[in-house]
2 protein chains.
Amino acid sequence: MELRHLRYFIAVAEEGHITRAAERLGMQQPPLSQQIRALERELDVQLLRRLPRGVELTEAGRALLSDARAILAHIDHAFTTTRRTARGELGRLVVGFTSSAPFHPFVPRVIRAFRDGAPGIALTLEESGTTELIEDLRHERVDAAFIRTHVTDPAGLTVNPLLEEAMLLALPATHAFAACGADGLPLPLAALAAETFVVYRRHAGPGLYDAIIAACHAAGFSPQVSQEAPRIVSTLNLVAAGLGVALVPASLRRMQMDGVAYRGLQGTPQPRAPLLLATRRADTSAVVRRFIDLVRQTARTFPRPVLSV
Amino acid sequence: MELRHLRYFIAVAEEGHITRAAERLGMQQPPLSQQIRALERELDVQLLRRLPRGVELTEAGRALLSDARAILAHIDHAFTTTRRTARGELGRLVVGFTSSAPFHPFVPRVIRAFRDGAPGIALTLEESGTTELIEDLRHERVDAAFIRTHVTDPAGLTVNPLLEEAMLLALPATHAFAACGADGLPLPLAALAAETFVVYRRHAGPGLYDAIIAACHAAGFSPQVSQEAPRIVSTLNLVAAGLGVALVPASLRRMQMDGVAYRGLQGTPQPRAPLLLATRRADTSAVVRRFIDLVRQTARTFPRPVLSV
DNA sequence: ATCTGCCATATCCTATCGATATGGATTTTG
DNA sequence: CAAAATCCATATCGATAGGATATGGCAGAT
């Protein structure tokens, strides 16, 4: 059996006429007759009743006709699906992000843009820790991940820096510095020399940790670290509990947490927090490729905050 | 595109190995490689990633694989459906019957037997008058019909005599002859010489009408006909209304109608009522053929009523 | 570095699909 | 009523393409 048989059969059935069907198929009548007979022989079923003036379908022929049409349509559908999948218009995509990523307005915006631009993609979002996300990427449980620090061992992965933003001081609302009015004047980093710090733990991604330590050293003191938090967001919980102050990406200001006050920093150099996209280096998926392209393109044109001091 | 391409592709996808797939397909590796490439060229999509140690599917290839399997299954299904249709195991059948036919126990029994024996057939039952059934047969609205008289013009049709049964006298419950006890002794036909008769109208099918008239003549009188009824069952309504007596097939005794009493007949010859199956002579449908065969076979072995005098 | 495994390319053969020619059955037409 | 026309089936032949064989190339394994 080949598709040819079905195509020929449909033509004959629709024309009710072998000669006319042959014409429509751009071939001669005898080979068409033969192919139809071959189909009947293979099925061991009479599909056509030969009349003096053309042919007509038997009941079995009618049954086959509708199926044959459906099969050809099925194949058509399979082809377009395959092509669209190859073009990255169809498929699935799992995007991971750390708890702090979605606070950056870029992340929800680019994800919404991707959904709008590729409605055929089944998009899944997964929040997780940086370490877990890296593992998920390597095990193909996640296709791309928004993270906030460079990774220690990016073997097999690509980590794309997208944007940077300033960091803010998060401090307990009861703290003396918080009294200077909500969002008071920027504070020189040196003023924090005596404070104890809550930091995002280093082993997941050293970037933020090191940037904070380096900035403090540049400001002339070595910060005292009281506590490491597993996630950026959880540093705020510790700050609210009065365990110390923290430096967090500016976008976390949107998170109005009870007992936490924010203040800007002044002076140079200032610690800055990156937003990055991690993907598999060898990933050939068109969907992932489209997603990366969109993310990088959008990042390039993303409006920098006016005051990123 | 031909099915060959799909079959080959599935084998390669499942083996992850062109050489091994070729072996499984009973062919050599180079032509298989060519066919796969031809498929990729036609789709303009890369389906396989060539690795140093075998091949692996691209995302598009995975999309095609599941569709390809479904398509082959679809074809398989179409083939069995076609074959079963040809064998008469699948399809539709419309069986017509006159109002009096289902009273004969043979009819419900054979229909139930057919349903049990051919569960794949969508069976439709239609009650109608003999004339209409004949028309329905000719216009293919009905495939087979149980009727109670031979038809006047059976051109293009086959009318199969199945069974015969005795006829009973149906008379108003108030009639003098009815007083002789329910189901009293058989009455000689000659006793009815003075009665007026209600008969099933002749033009639909002359059989019953003529049989009754002939029997009366043989009994030495010419019956006086007061009224013609369009259906056998409706003769009983007229009898109940006191418009006369009627001779009806014995199986109608099962119809306990208020105001109607039944008595058997004695003497020879007695009028007898046939049960017949009408079908299209040229009908090639396997379903109809199976139905006819079953009906005739069942009729042949149907237990004759012990007293069919 | 050599060898092995596996896919791609090149060339040739043959099976089969399709074209041409013809026959047979039935209906339509002169 | 005979002849022409219509349409499907059969027979024969040729071209296309699918498959076989031989060989090359590339990347891991030994």
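Per chain, numbering begins at 1; letters A, B, ... match sequence-line order.
- Contact check, Arg50(A) against dC7(D): no side-chain N or O comes under 4.0 Å of OP1 or OP2.
- Arg49(B) places no side-chain N or O within 3.5 Å of a backbone atom of Glu56(B) that could act as its donor or acceptor partner.
- Atom CD in Glu56(B) sits about 15 Å away from atom C1' in dC6(C), given to the nearest Å.
- Separating the CD1 atom of Ile36(A) from the C1' atom of dT10(D) is a distance of 17 Å, rounded to the nearest angstrom.
- Side-chain N/O atoms of Arg37(A) include one lying less than 4.0 angstrom from OP1 or OP2 on dA9(D).
- At a threshold of 4.0 Å, the pair Glu40(A)-Arg50(A) counts as salt-bridged, since one of the basic side-chain nitrogens sits closer than that to a carboxylate oxygen.
- Judged by distance alone, the side chain of Arg138(A) and the main-chain N or O of Ala155(A) form a donor-acceptor pair under 3.5 Å.
- Distances shown here put a side-chain N or O of Ser33(A) below 4.0 Å from the OP1 or OP2 atom of dA9(D).
- Candidate nucleotides dG19(D), dT21(D), dA8(C) were compared by shortest atom distance to the side chain of Gln28(B), and dT21(D) ranks first.
- Leu25(A) has its CG atom 10 Å from the P atom of dG18(C), to the nearest Å.
- Taking only side-chain atoms of Ile18(A), from C-beta outward, the nucleotide of dA9(D), dC7(C), dA20(D) with the closest atom is dA9(D).
- Across dC6(C), dC8(D), dT27(C), the shortest atom-to-atom separation from the side chain of Pro52(A) is found for dT27(C).
- The nearest whole Å value for the distance from the CG atom in Leu32(B) to the P atom in dC6(C) is 14 Å.
- Atom P of nucleotide dA10(C) and atom CD of Gln34(B) are separated by 10 Å, given to the nearest angstrom.
- No side-chain donor-acceptor contact under 3.5 Å links His5(A) to the backbone of Met1(A).
- Look at CZ on Arg4(A): it is 12 Å from P on dA17(D), rounded to the nearest Å.
- Among dC7(D), dA9(D), dA8(C), the nucleotide with an atom closest to any side-chain atom of His17(A) is dC7(D).
- The base of dA8(C) lies close enough to the side chain of Gln29(B) for a donor and an acceptor atom to sit less than 3.5 Å apart.
- When atom types are taken as modelled, the side chain of Asp143(A) and the backbone of Val94(A) share a donor-acceptor pair closer than 3.5 angstrom.
- The listed nucleotides are dC7(D), dC7(C), dT10(D); the one nearest the side chain of Pro30(A) is dT10(D).
- Rounded to whole angstrom, the span from the CD atom of Glu15(A) across to the C1' atom of dC8(D) amounts to 16 Å.
- Counting only N and O atoms by type, the side chains of Gln29(A) and Ser33(A) include a donor and acceptor under 3.5 Å apart.
- The side chain of Arg53(A) places no N or O atom within less than 4.0 Å of a non-bridging phosphate oxygen (OP1 or OP2) of dT26(C).
- Side-chain atoms of Met27(A) lie closest to dG18(C) of the nucleotides dG18(C), dT20(C), dC7(C).
- Checking the phosphate oxygens (OP1, OP2) of dG5(C), no side-chain nitrogen or oxygen of Thr19(B) falls inside 4.0 Å.
- Within 4.0 Å of Pro31(B), counting heavy atoms only, lies at least one base atom of the nucleic acid.
- Gln35(B) has a side-chain polar atom (N or O) that falls below the 4.0 Å cut-off from OP1 or OP2 of dG18(D).
- Atom CE in Met1(A) sits roughly 16 Å away from atom P in dT16(C) (whole-Å rounding).
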